[in-house]
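Because the structure is a prediction, the values reported are computed rather than measured.
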Amino acid sequence: MPSNLNTVISNIVIPSVSAILGILATIYVFFKSNNKDLARERLDKVLFPLMDKLEPVLYKLSADEGFMFLMNEAKQILDQNKMLSGNKLYEEFRLFNDAKENDHKFKEERYKSFSNLLINEYNAACRKIGLPIISSQYRLRHKLYTTTQFVITLVGYILFSMLIFAFFMFAFLLVLAVIMIITGNVPSA
């Protein structure tokens with residue numbers, strides 16, 4: 001093996017890879033530990049109580065008395081914890097709640113949007129503190145998706161899987177090429 005290649009690998013490649021891995025580890029730790037206490041408090045006081053009460057009726061707008069009772073309870077939870085609920089969740093619920101009864105399409109759209117936001121924020125808080133999330137299979141089984149959301153989620157999973165596969169194939173080929181260069185087993189043209 002030429003000494004220049006050995007010098008390049010030991011002086012440039014190894015320190016660069018080490019620095020990149022160190023930066024990625026630091027970013028991961030920073031974002032993983034950021035605001036865990038706040039996420040836990042928000043989950044305990046707002047998101048879990050809302051999910052616990054509303055899960056059977058998420059995405060299922062109704063005008064019956066039971067549904068209205070649950071909406072009043074949800075409003076109380078949000079009003080009592082306005083600061084923890086967050087602007088987006090509170091505003092989405094307010095838009096749904098204040099929508100006129102005769103504009104059923106708008107009210108239904110706002111309720112679906114609120115349902116989706118609630119599940120997404122619940123999952124984000126659970127992820128942040130290390131609790132299990134509401135899985136896609138559970139959401140599908142209990143009809144906690146709109147058709148569009150399901151298709152987007154499915155396509156997202158497929159694309160993400162393909163990206164992961166491509167990354168590992170590239171990494172494998174790169175390692176194989178480096179090994180071939182180091183050992184001097186480079187095929188001639």
Residue pair [X] / [Y]: nearest heavy atoms and the distance that separates them:
| X | Y | value |
| --- | --- | --- |
| Ser115 | Tyr59 | OG-N, 3.1 Å |
| Arg42 | Leu84 | NE-O, 2.6 Å |
| Lys45 | Asn81 | O-ND2, 3.3 Å |
| Leu95 | Phe106 | O-CE2, 4.3 Å |
| Ala125 | Ala39 | CB-O, 4.2 Å |
| Leu43 | Pro49 | O-CD, 3.6 Å |

Q: Spell out, as yes or no, whether a donor-acceptor pair under 3.5 Å connects the side chain of Ser113 to the backbone of Arg110.
A: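 Not at all, since once roles are kept as given, no pair shorter than 3.5 Å links the two residues.
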**Q.** Members sharing Ile133's hydrophobic cluster (side chains within less than 4.5 Å)
**A.**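 Its cluster mates, by chain and number: none.
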Q. Going by an N to O cut-off under 4.0 Å, is there a salt bridge joining Arg94 and Glu91?
A.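 Looking at Arg94 and Glu91, the cut-off is met.
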Q: Could you tell me whether Lys88 and Glu92 have a side-chain N and a carboxylate O separated by less than 4.0 Å?
A: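 Salt bridge flag = no for Glu92 with Lys88.
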Should [X] and [Y] be counted in the same cluster of Ile, Leu, Val, Met, Phe, Trp and Tyr side chains packed under 4.5 Å apart?
| X | Y | result |
| --- | --- | --- |
| Met180 | Phe172 | yes |
| Ile134 | Ile152 | no |
| Phe69 | Leu58 | no |
| Ile182 | Ile179 | no |
| Leu38 | Leu78 | yes |

Q: Count the heavy atoms belonging to other residues, nucleotides or ligands that lie under 6.0 Å from CG of Asp37, then report whether that count exceeds 12.
A: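 12 or below, so no.
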Q. Does NZ belonging to Lys60 count more than 12 external heavy atoms closer than 6.0 Å?
A.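 For Lys60, atom NZ is crowded (more than 12 foreign heavy atoms under 6.0 Å).
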Can you tell me how far apart [atom1] ([X]) and [atom2] ([Y]) are? Round to the nearest 0.5 Å.
| X | Y | atom1 | atom2 | answer |
| --- | --- | --- | --- | --- |
| Asp44 | Ile129 | CG | CD1 | 7.0 Å |
| Lys105 | Leu61 | NZ | CG | 12.5 Å |
| Phe168 | Leu163 | CZ | CG | 10.5 Å |
| Leu117 | Phe93 | CG | CZ | 12.5 Å |
| Asn123 | Met51 | CG | CE | 7.5 Å |
| Tyr122 | Glu55 | OH | CD | 8.5 Å |

Q: Any chance you could lay out the side-chain contact (heavy atoms from CB on, under 4.5 Å) test for Met71 and Leu54, step after step, and finish with the verdict?
A: CA-CA 8 Å; Met71 292 305 109; Leu54 300 181; 3.3 Å; yes
Q) Parallel, tilted or perpendicular: which fits the ring planes of Phe96 and Tyr111, with parallel below 30° and perpendicular above 60°? A)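 The arrangement is tilted - the two ring planes meet at 30° to 60°.
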